[in-house]
Amino acid sequence: LSLKFGDIGDLKGLVIRFLLTISSYQLSVQSWFSLHRLQLLYNHSVQATFNATRIHAPASYSFHCEHVSSLQRYDALLIPSSANDLSKLWEVTFVDFQIQGFNIQEGHFAYAKDCAYFLSPAILMGLVMSLILLLVLAYALHMLIHLKSLDRHYECKASPAYFAQMKDNDMADEKEPLRNSRNESYELRNQQFGKIYI
């Protein structure tokens, strides 16, 4: 697949050539296409060659990626094929890259297989943080359950030794009526028993 740009400045006849292959695998139901190599041609000769990595999709799909680049900050899907040619002098970056070499219908891209992998660094970090939060929550719940089981051993039981046994006639002597507007109240003369309101 060749993209011909013509003359651009000092570059005469600039062409970007994509070398695509289609393969069938025994364990796969459908064929897959791969981008193996990217070549830059100008002045009627190949000037730079990059090997492509991880650019593949089912043959009936297209491949899409936000950045396909030779730069490390974009994950470097394009790797210079040799240190001897001019590939090291070139920095190639395609933005919003989409390619489909086979089974093209009505001039439109098919459904795109994206280059975003399931376990990207951001997703992996999110999973690790979720696991840490779940462990903290499980530990907190375990401590709460453990505290509930300890409460049974520390229940305060009222001891009858703190309250003096009184007879009914003694209670009658101890009562002193207090006058209120509607309620009749009694205050014990012996202050060690406190106040009881009825």
For the ring-ring contact (aromatic ring centres under 6.0 Å, His included) test, which of Trp32, Phe102, Tyr111 pairs with Tyr61? Tyr111
Can you tell me if CZ on Phe109 sees more than 12 non-hydrogen neighbours from other groups inside 6.0 Å? yes
Please determine whether residues [X] and [Y] belong to a single hydrophobic cluster, defined as Ile, Leu, Val, Met, Phe, Trp and Tyr linked transitively by side-chain heavy-atom distances below 4.5 Å.
| X | Y | result |
| --- | --- | --- |
| Tyr42 | Leu19 | no |
| Leu3 | Val15 | no |
| Val92 | Phe5 | yes |
| Leu20 | Leu41 | no |

Side chains of Glu91 and Thr93: do they bring a donor and an acceptor to under 3.5 Å? no
Does a donor on one side chain and an acceptor on the other come within less than 3.5 Å for Thr21 and Ser34? no
Side chains of [X] and [Y] in contact at under 4.5 Å (non-hydrogen atoms):
| X | Y | result |
| --- | --- | --- |
| Asp96 | His64 | yes |
| Ser81 | Phe50 | no |
| Ile55 | Val68 | yes |
| Phe63 | Leu35 | no |
| Leu1 | Arg17 | no |
| Pro58 | Lys113 | yes |
| Ser60 | Gln30 | yes |

Working to the nearest 0.5 Å, report the span between [atom1] of [X] and [atom2] of [Y].
| X | Y | atom1 | atom2 | value |
| --- | --- | --- | --- | --- |
| Cys65 | Asp75 | SG | CG | 8.0 Å |
| Asp114 | Glu66 | CG | CD | 8.5 Å |
| Leu38 | Ile99 | CG | CD1 | 8.5 Å |
| Gln98 | Cys115 | CD | SG | 11.0 Å |
| Phe33 | Ile22 | CZ | CD1 | 9.0 Å |

Between His67 and Tyr74, how do the two ring planes meet: parallel, tilted or perpendicular, split at 30° and 60°? parallel
Counting N and O atoms only, with roles assigned by atom type, does the side chain of [X] sit under 3.5 Å from a partner on the main chain of [Y], one being a donor and the other an acceptor?
| X | Y | result |
| --- | --- | --- |
| Ser69 | Ala76 | no |
| Asn51 | Arg37 | no |
| Ser70 | Leu78 | no |
| Gln100 | Asn103 | yes |

Which heavy-atom pair separates [X] from [Y] by the least distance, and what is that distance?
| X | Y | result |
| --- | --- | --- |
| Lys12 | Asp7 | CA-OD1, 3.3 Å |
| Ser62 | Ala110 | OG-O, 3.0 Å |
| Ala48 | Trp90 | CB-CD1, 3.8 Å |

Could you pull out every donor-acceptor pair under 3.5 Å between side chains of residues 126-144 and any protein atom, sequence neighbours left out?
unit_1, atom_1, unit_2, atom_2, d
Ser130, OG, Gly126, O, 2.9

side-chain contact (heavy atoms from CB on, under 4.5 Å) for Leu77 and Arg54? Distances and angles first, verdict last. CA-CA 7 Å; Leu77 296 178; Arg54 305 196 309 270; 3.2 Å; yes
